[in-house]
Protein chains: 2
Amino acid sequence: MCGILNNIMSEAIYVTVQADLKQKIYQGEFPNLKLPDERSLAEQYGVSRSSIKRALNVLVQQGVIFKKRGSGTFVNPLYLKNHAIFQHEGSNLGVSDSFRVDGQAPSIELLDFQVIPATPEQQQALFLNDGDFVYEIKRLRRLEGVPFMIERGYVPINVLPGLNRSIVSGSVYEYIEKTKHRTVTKSFMTIMAEPSNLEDQQLLELKANEPVGIMEGIFFMDDGTPLEFSTMRLHYKYLRYNAFVSLDSE
Amino acid sequence: MCGILNNIMSEAIYVTVQADLKQKIYQGEFPNLKLPDERSLAEQYGVSRSSIKRALNVLVQQGVIFKKRGSGTFVNPLYLKNHAIFQHEGSNLGVSDSFRVDGQAPSIELLDFQVIPATPEQQQALFLNDGDFVYEIKRLRRLEGVPFMIERGYVPINVLPGLNRSIVSGSVYEYIEKTKHRTVTKSFMTIMAEPSNLEDQQLLELKANEPVGIMEGIFFMDDGTPLEFSTMRLHYKYLRYNAFVSLDSE
DNA sequence: AAAATAAATTGGTGCGTTCCAATTGGTTTT
DNA sequence: AAAACCAATTGGAACGCACCAATTTATTTT
């Protein structure tokens with residue numbers, strides 16, 4: 001036996017194994033919800049046990065499987081039943097993507113765009129010094145014509161010197177990928193709720209007693225550079241954050 | 001040089017190193033926000049580079065540091081300033097623990113306790129069959145006297161046959177640890193917001209225009225058994241969910 | 001039969017090594 | 001100077017080994 005991997009070169013082995021296992025799980029190849037033991041998997045895939053462990057750990061992190069020492073590795077039954085909701089899990093990066101519905105991206109209305117000195121809070125969040133400047137980008141997002149989010153973003157000018165109204169009226173992340181060949185892969189977010197203020201009510205078509213959901217956070221590029229500090233005020237019906245939480249090695 | 005670990009036996013090395021590094025980071029031992037390279041750390045701690053990598057990866061996962069291949073490992077500036085909110089990050093298991101303040105656990109008032117047939121939604125979430133029964137547990141939680149959460153929990157009777165009013169007036173999770181030697185380490189949650197209803201306003205002392213935050217989710221025991229389906233309605237000021245999101249190996 | 005014990009199974013931890021890949025900084029060339 | 005090049009640094013991937021710890025299963029004892 002000599003491995004069953006169709007490795008699309010340049011992908012790490014553990015990534016490939018992880019993807020393959022996930023697919024098999026989804027296709028119901030483990031009817032009793034029990035995976036083969038690690039040593040067997042290593043042999044089947046023709047890789048070391050270390051690599052198998054790594055692949056499995058990724059799946060544990062994703063909530064797809066769980067392990068039980070001495071007993072084995074099992075599929076999370078919820079993943080099979082309800083794997084749809086696992087799509088979004090832990091991935092709220094790139095608003096355009098997160099809120100895509102039936103392939104339709106939200107439209108963007110640019111409300112404001114200017115350069116301002118960074119406030120202390122922004123300096124802190126974006127790793128800036130006194131006297132540094134940031135773009136202030138205020139946008140209203142609509143989904144099929146319905147406004148659902150007011151977004152205030154702050155981007156250091158020295159990170160993206162070339163920003164202009166035209167770029168900012170579309171996806172900034174696409175612009176980054178195309179020009180700087182960087183991706184935005186990390187974010188630190190806080191999720192809150194508040195009563196709506198007058199502006200919220202006007203722009204998001206809310207009644208006085210209806211609240212907004214707030215997602216505030218910092219987005220990082222894959223090299224660790226903080227790209228944006230963003231405050232998003234959402235129509236409350238559109239705030240729906242899914243989280244799979246695991247308390248293992250802490 | 002031969003290691004600087006005060007290892008409180010029975011803790012894994014990488015856990016110890018991770019904890020030690022986190023403390024050092026917090027105490028500002030890396031003023032330039034740059035950690036020593038992995039090979040040096042290995043030598044300093046007197047452990048293998050593998051163990052250092054593992055410890056560092058935990059910290060990356062927690063959002064405390066980030067790595068940049070070819071360049072080094074750096075402290076997330078956000079962690080330094082705002083490390084308080086990192087405490088909760090990714091750990092909303094066991095409400096009593098999550099909302100502990102200065103070591104003071106929230107008090108519990110039992111509002112309702114009965115056995116009912118599981119609704120279809122509950123059956124789905126808790127992996128039950130038609131005709132199965134669940135406990136319905138309705139509680140009000142207070143922090144230093146101030147009510148902040150209405151909690152409705154549903155627990156399958158065949159998972160915890162011995163539940164009674166007395167147990168349910170305290171921490172169910174403690175009860176499980178003591179009697180079944182299981183821990184609750186995983187949850188799948190959805191976070192939302194809504195206008196408050198009359199009951200919310202009464203119990204949580206909210207004004208009419210003030211909303212509630214809603215955390216709804218399923219809690220699992222470490223062997224994968226779904227333990228509880230819970231809906232928590234929070235005073236909006238107490239809803240503050242922190243998430244470090246990473247889109248790496250997916 | 002029931003309980004205690006032993007063995008096999010299975011995941012966890014840790015080490016050390018080899019090689020690779022991205023980044024940085026200095027050096028040479030143009 | 002500016003650009004191209006080269007070398008050193010630093011994290012990433014993978015392997016394979018040795019041993020530990022929790023659990024399950026089989027065996028023995030009571």
Side-chain angles (χ1 to χ4, degrees), chain A residues 2-3 5 7 9-18 21 32-61 65-75 180-183 185 221-225 248-250, chain B residues 2-3 5 7 9-19 21 30 32-61 65-75 180-183 185 221-225 246 248-249:
Chain A
C2 59
L5 286 187
N7 202 331
M9 267 322 271
S10 88
E11 273 283 44
I13 285 187
Y14 76 95
V15 175
T16 313
V17 171
Q18 170 263 353
L21 279 173
N32 51 354
L33 297 186
K34 187 175 196 303
L35 269 64
D37 69 281
E38 297 181 346
R39 289 157 176 96
S40 309
L41 282 173
E43 204 180 354
Q44 283 175 40
Y45 278 99
V47 303
S48 73
R49 187 177 160 213
S50 323
S51 298
I52 293 293
K53 287 187 88 68
R54 194 156 179 190
L56 290 179
N57 282 335
V58 173
L59 292 176
V60 167
Q61 209 58 37
I65 61 176
F66 56 87
K67 304 199 261 189
K68 217 175 150 185
R69 188 200 300 205
S71 177
T73 304
F74 305 88
V75 177
K180 303 199 56 164
H181 304 289
R182 285 259 99 92
T183 55
T185 52
M221 296 190 287
D222 53 11
D223 67 347
T225 313
D248 281 327
S249 57
E250 233 220 329
Chain B
C2 58
L5 286 188
N7 201 332
M9 266 322 269
S10 88
E11 273 282 43
I13 285 187
Y14 75 95
V15 175
T16 314
V17 171
Q18 172 261 355
L21 280 173
F30 309 107
N32 51 353
L33 297 186
K34 187 175 194 305
L35 269 64
D37 69 281
E38 298 181 346
R39 289 158 176 95
S40 309
L41 283 173
E43 203 181 354
Q44 283 176 38
Y45 278 99
V47 304
S48 73
R49 187 179 162 211
S50 324
S51 298
I52 294 293
K53 286 187 90 68
R54 194 157 180 188
L56 291 179
N57 282 334
V58 173
L59 293 176
V60 167
Q61 209 58 35
I65 60 176
F66 56 88
K67 304 200 261 190
K68 212 172 153 185
R69 187 200 298 204
S71 179
T73 303
F74 305 88
V75 177
K180 303 199 56 163
H181 304 290
R182 284 261 99 90
T183 55
T185 52
M221 294 189 287
D222 53 11
D223 67 346
T225 313
S246 197
D248 279 329
S249 53

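The figures that follow rest on heavy atoms only: side chains count, while hydrogens, waters and symmetry mates do not.
- A heavy-atom distance below 4.5 Å is not found between the side chains of A/L41 and A/D37.
- Taking atom CD of A/E38 as the reference point, atom C1' of C/dG12 lies 8 Å away to the nearest angstrom.
- Rounded to whole Å, the distance from CG on A/L41 to P on C/dT10 is 11 Å.
- Rounded to a whole Å, the CD atom of B/Q18 is 17 Å from the C1' atom of C/dG14.
- Contact check for A/L21 versus A/Y45: side-chain heavy atoms found under the 4.5 Å cut-off.
- Atom CD of B/E43 is separated from atom P of D/dT10 by 13 Å (rounded to the nearest Å).
- Note on A/K67: a side-chain N or O is less than 4.0 Å away from OP1 or OP2 of C/dG12.
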Would you mind building the protein contact string for nucleotides 15-22 of chain C? One character per nucleotide, 5' to 3', B for base within reach (heavy atoms under 4.0 Å), S for sugar-phosphate only, - for untouched.
-> BB----BB

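- The side chain of B/K53 contributes no N or O atom lying less than 4.0 Å from OP1 or OP2 of D/dG11.
- Separating the OH atom of A/Y14 from the P atom of D/dC15 is a distance of 13 Å, rounded to the nearest angstrom.
- Rounded to an integer number of Å, the gap from B/F66 CZ to C/dT23 P is 13 Å.
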Less than 3.5 Å apart, which donor and acceptor atoms pair up between the side chains of residues 50-59 of chain B and the rest of the protein, not counting sequence neighbours?
from, atom 1, to, atom 2, distance (Å)
B/S51, OG, B/S48, OG, 3.3
B/K53, NZ, B/E38, OE1, 3.0
B/K53, NZ, B/E38, OE2, 3.4
B/N57, OD1, B/K67, NZ, 2.8
B/N57, ND2, B/K53, O, 3.2

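- Rounding to whole angstrom units, CG of residue B/L35 and P of D/dG11 are separated by 9 Å.
- Across all non-hydrogen atoms, the minimal contact from A/F74 to A/S71 is CZ-OG, 3.6 Å.
- When rounded to the nearest whole Å, the span between NZ of A/K34 and C1' of D/dT23 equals 11 Å.
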